[in-house]
Structure formats: structure tokens, C-alpha cells
Amino acid sequence: MAKTRIQFICQACGTIHTRWAGKCDGCGEWNTLVEDGTQGGVGGGPQALRSPRKGRPVALTTLSGDIEDAPRIASGIAELDRATGGGFVRGSALLVGGDPGIGKSTLLMQAAAALARKGHRIVYVSGEEAVAQVRLRAQRLGAADSPVELAAETNVEDILATLADGRRPDLVILDSIQTLWTDIAESAPGTVTQVRASAQQLIRYAKSTGAAIVLVGHVTKEGQIAGPRVVEHMVDAVLYFEGEGGHHYRILRTVKNRFGPTDEIGVFEMSDMGLREVANPSELFLGERSAQAPGAAVFAGMEGTRPVLVEIQALVAPSSLGTPRRAVVGWDSARLSMVLAVLEAHCAVRLGQHDVYLNVAGGYRIGEPAADLAVAAALVSSLTGLALPADCVYFGEISLSGAIRPVAHALQRLKEAEKLGFAQAVLPAGPEEPVGGMGGRSFQPATLADLVIRIAGSRLKRAGNDD
Ligand code: TYD
Ligand code: MG
């Protein structure tokens, strides 16, 4: 008889512990360890050791050979296909993670309907909602007439038996991974063991049949239910669906992709008819700009292969506190401290007695260091009360010495800015020289001090910055 081994698994990161503890050594989270009695574990631990199964030879094959279908199934939803790198890959597993209510089920239902209409066999398995609820959503999305095959089921063995029946599906959507459970694991649905074992079986199904599968996973803050992180390393690609509270747009971000680029985003807007593609995100993030407000600078950024223009807003105000406030939304606060330090040390811009607030418009998040120059411009503009030219974009990285360093894709950034009606740019001098319309009116400062002088002139001294 196999002896039951007691172990404790962290529900946040999946680390296995032999004894209970309040805090997980793996991720440092508290109260996330859950007892897990396994009969030799999934896939057989001690039991397998006692009576090793005799191996079965597998057929070896060559690298060249027939590939039956087109390797990818494009959904026709351009923003989704951009994020996946050209469509769902046959025989692969894709994880779509995100906060509850962000729109994962909506996006996948829209994709399922589009693909089914093109003649693909699409199976949508809902473990969270009853058939009636899914139908209701499909009606709202105008997808009710598409031949998507629907089931409300949570047992993996039942799901696999259902899929084995009839023509092999092209795409199977499992919504969500946290509701699935398999007979081979003994713990409750939603625990790390169940989520892993269920995902493992479904991924094996995808690899052996060539069907593409999509696993939906909720990101949970408490870590009580196993989050998508525990299956991230098992799947071929991971997309996260993100959005800011109060904003209607959603960003589908590629986090991992074995078959494509990982720095792409797809942009959508949630409407009452479902998700709408946003082909030109710059227009969305620039929003309604008031031309003459000091403290606003437009950053010409890049998301993967796509330029994105976004407004950076700064507010610099005299502080009444001993330690002035620094608050940042949408950018790295350590990066802001660095830009402030360079302004103080190399440009004689004194901000030690000022509160500094920085906001990226539209709730967008910038990850690029290329935003340094736009941030510095916005800060100096707010401090001096001098508005920046409304038709100017900024990009460039600032080094600690105060020099402006070149960044990649300068021409693409300029082209996007020109397309949206901007006429001048402040950018680093670099290998890619600006040409065309923007070329004549661009300014390429060698150091941050050059830019400060251009924006503020002699104004900084009068603004009480000469102490
Ligand atoms: P849903 O896809 O159920 O989110 P998830 O699967 O990520 O939990 O989307 C839920 C939210 O989207 C819900 O608050 C309602 C909203 N919504 C719309 O605004 N318009 C629509 O057409 C649909 C279907 C949903
Ligand atoms: Mg859902």
C-alpha cells in the first residue's frame, strides 16, 4: 500500500514544504501554505519507485516532413493576433491571465465566434458560468449565431472524453483553469496541485492532437486560490489582460511567447457591445490635451514594434513638508528620483523644497527609459510655469552624468508623431538622423542642461531657484 505523504504547498508560488510554516520561504507570502496529502504525488512518486513502469519506445522522426495544416490560426481580431504573434499556434497552450472582470471571457468569446464563423471547430468550456450566462453574453456580443460548441463542465477527464468525440477541434478554450479538477489529484479544485495537474493533462492533449488550447486564469491578490503563475512555465505563451480602474481601454500584453515576440501589446476598448479594437492607441492616450498647460510633455514611446504617443503630466509645487512628496502614477518612481537628481546636480534646477507629482495620462504605464527626457521637460515646464510647444514630442534616455543617450527606433517614433500632427521633436543625437518634415525643426541636446536652458532660458533664476 502506498504511504500517504503529507506536504504543504504554497498557494501563491507553488513551493513545496515538508512542514507547515506561517510564511513561505519561496515567495515570502504569509498564510499561503495548504496541506496536501498525496498518494505518491501526481504522476506517481514513491509508488512509481517501488515498481518502475517498463518504458515504451516512441517512434523517432525527422525534422523535415509534412505539417498538416497552417501552423497558426489567425482570429482576424488584429489586436489579438498581434499579441499572439500572428494567431493561435496549433498544438500549443496559451494562458490568458488577468483580474476578474477585466474582460477575458468577453475577448475569448469574440475570438471564438470569429474563428467558428470561418469554419474552424471551436469548443468553449465554461467552468465559471452556466450555459445560460454564456449565451447571454454571446447575444450581447452579437455572437449567438456563430457555431461555437459550448459546454459548462469542470472535470478534466469528462472534458477530454468530450473532445475526443467527433472532428478534432482547432481551438479549445477553458474558462477558467481555477475551476478545473482532475481525478488524478486529490486536493480541492483551485489548489496548486489541482491547477497544475489539470493544466498538465490539457497541455498533453494539445501536444498530442495538434489542437490549440487557451487556459484562462484569474490573478488573485490573496493567493488563496492558485493563480496563473503556477502554470506560466508549463504553457507556450502567456498573455496578460490589463486595464486601469475607471478607464475603458484594455491592454493585452505578451509576457512569454515560445513562437513570437514578447514585447507586443494589443489595445482594446470595452464598450457595451464587447471589446473594440483600438488600431491607433496614440489617439486614445493623448486624449483631450489643452494646448497651453505648463507641465505637460508628449512622449513618443514604443510598445514592441509599435510607436505609442502619450502625454506625461508633472506638477511641481512648493512643499510645506519637511520631506517633500514624490508621487508617480504610470512610471517607475526610482527613475523619477534619478531624473530629479540629475536636474539638481547638473542643471541647477532646485526641487528639494518642492512636492513633485507625475502622471501618465490615460492610466497608461510606461516601461521605457526613453521617457526620461519627456519627464524632465514636463518637470521643468511645471516648475517655471512655461508651457511647452503643443506640437513637440520628446524622447531620450538621461544618463547620471546628465548626457542624453540615444534610444532605439528614433525614426519610427518621429514618423508616428508626424502622422498625428506634431511638427517638432526633442531627441538625442544618434545614428538615426531625423529626416523629412520633422528634421528641420528638431532639437538634439547633448546634455540635459541644454534642454533646460532651451525650455526655461533665464526664467529658472527668477523662479526662486537660485539659492
Ligand atoms: P468578463 O469577460 O466577464 O471578465 P472576466 O472573464 O475577465 O472576468 O467581463 C466582465 C466585464 O465586462 C463586466 O464588468 C461587464 C463588462 N462588459 C461590457 O462592458 N460590455 C460587454 O459587452 C460585455 C460582454 C461585458
Ligand atoms: Mg470570465
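First listed ligand is number 1; within each ligand, the first listed atom is number 1.
Protein heavy atom in closest approach to atom 4 (O) of ligand 1: Gly103 N, 3.1 Å. Annotation: atom 20 (N) of ligand 1 to nearest protein heavy atom, Ser271 O, 2.7 Å. In this structure, atom 3 (O) of ligand 1 lies nearest to the protein heavy atom Arg137 NH2, 2.8 Å. Given atom 17 (N) of ligand 1, the protein heavy atom at minimum distance is Met270 SD, 3.7 Å. Atom 23 (C) of ligand 1 has Arg140 CZ, 3.8 Å as its closest protein atom, hydrogens excluded (heavy atom only). In terms of protein heavy-atom proximity, atom 22 (O) of ligand 1 is nearest to Gly274 N, 2.7 Å. Among protein heavy atoms, the minimum distance from atom 2 (O) of ligand 1 is reached at Thr106 OG1, 2.5 Å. Looking only at protein heavy atoms, the nearest one to atom 6 (O) of ligand 1 is Ser105 OG, 2.6 Å.
Listed by number with element, the atoms of ligand 1 under 4.0 angstrom from any heavy atom of Asp272 are 20 (N), 22 (O). Numbered from 1 in the order shown, with element, the atoms of ligand 1 that lie under 4.0 Å from a heavy atom of Pro100 read 8 (O).
Remark: atom 15 (C) of ligand 1 lies closer than 4.0 Å to no protein heavy atom.
Annotation: His218 places no N or O atom under 3.5 Å from an N or O atom of ligand 1; distance criterion only.
Only the backbone of Met273 comes within 4.0 Å of ligand 1, judged by heavy-atom distances.
Glu242 and Arg253 are joined by a salt bridge, as a carboxylate oxygen and a charged side-chain nitrogen come within less than 4.0 angstrom of each other. Between Lys415 and Glu418 there is no salt bridge, since no side-chain N of the basic residue sits under 4.0 Å from a carboxylate O of the acidic one. Salt bridge present: Glu368 and Arg413 bring a charged side-chain N and a carboxylate O closer than 4.0 Å. The residues Arg117 and Asp145 are annotated as salt-bridged, a charged nitrogen and a carboxylate oxygen being separated by less than 4.0 angstrom. At a threshold of 4.0 Å, the pair Arg250-Glu79 does not count as salt-bridged, since none of the basic side-chain nitrogens sits closer than that to a carboxylate oxygen.
Using a 3.5 Å distance cut-off with no hydrogens or angles, the side chains of Glu128 and Ser176 do pair a donor with an acceptor. Checking Ser75 against Asp81 by side-chain atom types alone, a donor-acceptor pair falls below 3.5 Å.
Among the backbone and side-chain atoms of Ser105, an N, O or S atom lies under 2.8 Å from the Mg ion (ligand 2).
Here the closest non-hydrogen pair linking Leu108 and Ile173 is O-CD1, 3.8 Å.
Residue Arg258 places its CZ atom among more than 12 non-hydrogen atoms of other residues, nucleotides or ligands, all under 6.0 Å distant.
Gln201 places no side-chain N or O within donor-acceptor distance of the main-chain N or O of Val156, the cut-off being under 3.5 Å.
Ligand 1 lies less than 4.0 angstrom from a heavy atom belonging to Gly101.
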